[in-house]
Trainee: 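Below is the structure I would like to discuss, written out as structure tokens.
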Amino acid sequence: MGNIPKDAVAILVNGQVCEASGDMPEGGRALTCNDPEGLAVYRHSVSHIMAHAVADLFPGTRFAIGPSTADGFYYDFDSPQPFTPEDLKKIEKRMSQIIKAANPFKRAVMNRDDAIRMFEEKGEIYKVELLREIADDTVSLYEEGGFADLCRGPHLPHTGRVKAFALLSIAGAYWRGDEKNKMLQRIYGTAFGDAESLKKHLDFLEEVKRRDHRRLGKDLDLFSIGDETGSGLVLWHPKGATIRRVIEDFWRAEHEKADYQNLYTPHMARLDLWKQSGHWDFYRENMYAPMEVEGQLFEIKPMNCPFHIAIYKSHLRSYRDLPIRYCELGTVYRFERSGALHGLLRVRGFTQDDAHIFCAPDQIQDEISRVLEFTLFVLKTFGFENYDVYLSTRPEKYVGDLEHWETATDALRQALEKSGIRYEVDPGEGVFYGPKIDIKVKDTLGRAWQCSTIQVDFNLPERFDISFQGSDGAKHRPIMVHRALMGSLERFFGVLIEHYAGAFPVWLSPVQVRVMTVAERHADHANSVVKALRAAGVRADVDVTNEKIGYKVRIAAMDKIPYLLTVGDREVEQGIVNVRRRGGENIGEMTVDAFGEMVAEEVAGKR
RNA sequence: GCCGAGAUAGCUCAGCUGGUAGAGCAGCUGAUUCGUAAUCAGCAGGUCGUCGGUUCGAAUCCGAUUCUCGGCUCCA
């Protein structure tokens with residue numbers, strides 16, 4: 001027994017989060033906003049306070065659910081009037097009043113049927129629905145300042161404990177996340193234990209906005225998604241295309257080293273192919289309508305695999321040929337609902353850095369290990385050092401026999417164990433044809449992005465009846481591994497833009513060097529510098545406009561060009577250049593050759 | 001697809017309750033010839049996303065439609 005510290009928002013007793021009221025029980029531990037569980041309690045209470053404010057300001061609103069989330073909280077409302085941004089301000093104001101009043105959160109336990117009756121009288125249909133699904137006979141309600149809500153708790157001792165919160169946005173959300181249900185209005189907010197932490201989070205959100213690849217894509221002239229050309233279809237502008245080409249060149253070179261063979265396959269195929277592959281049955285909702293050509297139906301491809309299988313089947317294969325590794329930068333088209341589209345991260349046409357490995361069952365673990373190592377190497381080259389790795393196991397709907405699933409899942413698991421990287425099991429999240437490993441890369445802001453995927457497939461070898469001849473002279477079925485390291489070039493590019501905030505490392509920068517003249521008489525020297533750099537393989541351009549050097553520096557800085565070379569009287573005289581690095585660091589004077597070598601070295605090191 | 005918000009010059013945005021469109025930057029021309037994040041002046045630039053309606057008159061009001069944004073759902 002003892003006193004509960006004043007800054008405790010909840011206490012942990014026997015692994016259970018409880019209210020920070022009364023005395024501290026034996027073995028109890030105080031939780032503050034520095035503990036994830038404590039912060040969750042705190043935010044959950046703020047969500048209740050928001051509901052209270054909405055109840056006061058918007059009579060007739062019905063209440064759904066209001067949980068805390070990873071970085072804040074939300075509450076779903078069914079309100080006759082749509083909320084506006086101005087309403088958020090009003091709600092915030094009312095919340096501040098409720099907080100100032102320091103209303104105690106009072107817990108009341110009542111009979112479940114009584115609770116149902118009570119909420120029914122108030123017309124709270126969502127609460128009634130929730131109550132009907134609770135198995136216990138009794139339920140708990142929390143009341144503060146006259147506003148009562150169904151809640152498991154726990155909550156803060158009183159509303160006055162809230163120190164910093166902000167309402168962020170309004171959005172539609174289906175009741176219970178099911179699109180067959182009514183669309184409710186969700187208000188998102190966040191809350192922290194102190195004003196400084198809140199400010200830090202709001203600054204983080206600003207930084208996220210600043211790095212938005214759609215914003216940077218426009219500012220840096222990297223890509224666009226045209227209104228006239230179609231939504232979800234990406235136009236790669238020269239600078240974006242340059243970056244893509246560098247990525248592709250790197251990708252091809254590394255695949256050659258890793259014993260892959262590169263393929264090119266068409267963008268469409270006869271519908272029958274997609275029927276045989278099973279896509280027409282299992283994947284149709286992501287496919288476009290077939291088109292008729294001379295009486296035959298054709299389908300634009302949502303995946304590359306059937307083509308790679310067709311190439312596999314073009315010969316009789318021996319066990320000596322395996323593993324066969326086919327890779328292709330294959331452009332696929334998938335139907336996405338208009339509301340799901342999002343810049344480069346969610347599009348309708350994209351290029352996968354795809355590969356299919358055909359191997360014998362006893363080779364699978366080794367192949368998975370190789371792919372895993374290869375993936376991490378590629379991601380690391382692009383500056384991604386942290387990942388979340390998931391092993392997705394057999395889903396409810398699956399094909400193939402259990403033994404195969406067992407072997408394949410084991411192979412994936414052992415490859416992961418061998419690599420020593422930490423991973424989580426995602427039960428039932430595999431694809432219908434096999435288990436998979438998904439790798440989410442974490443960018444500089446710590447956000448996780450799904451890019452790489454490694455999938456084992458028993459279905460397609462079966463469906464296309466592919467085989468190889470074993471040392472025993474008999475026919476055997478190979479196992480197929482699908483894998484994409486970057487996932488799609490479009491999404492990966494979007495992630496890269498945000499990761500680097502548009503300031504790409506030298507080897508990726510579309511313009512690596514800008515040569516700037518101090519005055520017009522230096523143009524000839526500047527042009528010859530550019531010529532020499534280009535001859536040395538450096539992507540350089542020139543600014544000979546009639547502007548002051550400060551202006552040119554500013555423009556180049558906004559273009560996020562890694563190196564700025566200044567050319568004035570001094571440089572012309574001595575045949576040198578003056579080098580400034582992106583960010584302002586002045587490296588000083590050097591010869592064009594020396595500078596060219598320096599850049600080449602950086603590019604070779606993928607820096 | 002669904003709920004909400006939005007679409008005005010190349011870009012960022014202003015334009016109150018209907019009276020016929022404006023700024024900054026970018027562009028062009030001229031002056032200036034300058035040493036590390038904006039030199040000055042002038043000019044040009046829009047059938048206000050598209051289609052239809054109301055009105056003497058629509059960027060403004062109404063309807064439809066396309067696209068974008070915030071989410072939900074879904075995914076590389």
Side-chain angles (χ1 to χ4, degrees), chain A residues 74 76-79 81-85 87 168-188 209 212 214-215 218-219 221 225-232 283 285-286 302-304 330 332 334-354 431 436 438-440 449-453 455 482-492 494-495 516-523 545-559 564-571 578-586:
Chain A
Y74 65 81
D76 286 347
F77 304 103
D78 181 4
S79 166
Q81 295 273 317
F83 296 123
T84 65
D87 291 338
L168 301 173
S169 60
I170 311 155
Y174 298 108
W175 165 235
R176 322 205 99 178
D178 187 333
E179 59 186 318
K180 288 189 221 57
N181 289 337
K182 186 169 183 187
M183 179 69 70
L184 308 174
Q185 292 191 72
R186 175 171 298 178
I187 297 180
Y188 281 97
K209 232 191 248 170
D212 191 310
R214 294 164 300 181
R215 170 85 260 136
K218 198 182 251 184
D219 287 350
D221 198 14
I225 299 176
D227 289 6
E228 289 122 35
T229 41
S231 49
Y283 205 68
E285 57 183 26
N286 285 294
M303 292 193 190
N304 304 302
V332 298
R334 298 182 186 173
F335 171 72
E336 294 288 350
R337 302 200 284 180
S338 57
L341 299 172
H342 183 92
L344 292 176
L345 301 179
R346 194 71 182 280
V347 294
R348 285 180 173 158
F350 55 97
T351 301
Q352 293 181 305
D353 67 318
D354 211 355
V431 206
K436 62 170 179 172
D438 282 332
I439 299 173
K440 294 190 180 180
W449 305 91
Q450 157 86 64
C451 292
S452 322
T453 182
Q455 309 177 349
H482 308 243
R483 47 111 280 200
L485 311 184
M486 297 180 273
S488 87
L489 293 180
E490 284 75 6
R491 175 176 289 180
F492 194 73
V495 173
M516 308 174 302
T517 49
V518 173
E520 278 176 341
R521 63 178 175 280
H522 309 122
T545 55
N546 181 7
E547 292 287 351
K548 288 187 170 180
I549 197 73
Y551 181 80
K552 296 185 188 185
V553 167
R554 178 184 157 79
I555 297 301
M558 288 195 304
D559 283 343
L564 310 185
L565 305 188
T566 308
V567 169
D569 287 339
R570 259 200 324 274
E571 288 76 16
N578 197 310
V579 185
R580 174 191 162 117
R581 222 192 280 272
R582 178 172 56 202
E585 184 199 351
N586 224 308

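Letters A, B, ... are given to chains in the order of the sequence lines, protein chains preceding strands, and every chain is numbered from 1. Note: hydrogens, waters and symmetry copies are ignored here, and every other heavy atom, side chains too, is used.
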Trainee: Going by centres under 5.5 angstrom and planes under 30 degrees, do the aromatic ring of A:Y551 and the base ring of B:rA37 stack?
Mentor: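 Ring-base stacking flag not set for A:Y551 and B:rA37.
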
Trainee: Looking across every strand, which nucleic acid part, if any, lies under 4.0 Å from A:E490 by heavy atom: base, sugar-phosphate, or nothing?
Mentor: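 Nothing: the residue A:E490, judged by heavy atoms under 4.0 Å, touches no strand.
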
Trainee: If the sugar-phosphate is the primed atoms plus P, OP1 and OP2 and the base is the rest, what is the B/S/- string for nucleotides 69-74 of chain B, using protein heavy atoms under 4.0 Å?
Mentor: SBBBBB

Trainee: Measuring from atom CH2 of A:W175 to atom CE of A:M183, what distance do you get when rounded to the nearest 0.5 angstrom?
Mentor: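 Answer for the CH2-CE pair, A:W175 versus A:M183, is 14.5 Å.
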
Trainee: Do the side-chain N or O atoms of A:K218 get closer than 4.0 angstrom to the phosphate oxygens (OP1, OP2) of B:rU12?
Mentor: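 Checking B:rU12 against A:K218, a side-chain N or O does come within under 4.0 Å of OP1 or OP2.
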
Trainee: Could you check whether A:V332 gets within reach of a base, just the sugar-phosphate, or nothing at all, counting any heavy atom under 4.0 Å?
Mentor: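 Result for A:V332 = nothing.
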
Trainee: Do A:R337 and A:E179 sit within salt-bridge range, that is, some charged N less than 4.0 Å from a carboxylate O?
Mentor: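 Looking at A:E179 together with A:R337, the answer is yes, because their closest N to O distance falls below 4.0 Å.
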
Trainee: For A:R570, report the nucleic acid contact type (base, sugar-phosphate, nothing); a contact means any heavy atom under 4.0 Å.
Mentor: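 Here A:R570 touches the bases of the nucleic acid.
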
Trainee: Could you go through nucleotides 59-67 of chain B and list every protein N or O atom that sits under 3.5 Å from one of its N or O atoms, giving the distance for each pair?
Mentor:
| residue | atom | partner | partner atom | Å |
| --- | --- | --- | --- | --- |
| B:rC67 | O2' | A:D227 | OD1 | 2.9 |

Trainee: Report yes or no: is there a donor-acceptor pair, N or O only, under 3.5 Å between the side chain of A:R580 and the base of B:rU36?
Mentor: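 By the distance-only test, yes, there is a pair.
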
Trainee: Can you work out whether A:I549 or A:Q450 has the more 5'-proximal nearest nucleotide on RNA chain B?
Mentor: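 Whichever sits nearer the 5' end wins; that is A:I549.
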
Trainee: If you write RNA chain B from 5' to 3' in dot-bracket form, with Watson-Crick or G-U pairs under 3.5 Å, [ ] for crossing pairs and | for pairs with another strand, what do you get?
Mentor: (((((((..((((.....[..)))).(((((.......))))).....(((((..]....))))))))))))....

Trainee: What nucleic acid atoms does A:E571 come within less than 4.0 Å of, heavy atoms only: base, sugar-phosphate, or nothing?
Mentor: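 If one applies the 4.0 Å heavy-atom cut-off, A:E571 turns out to touch a base.
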
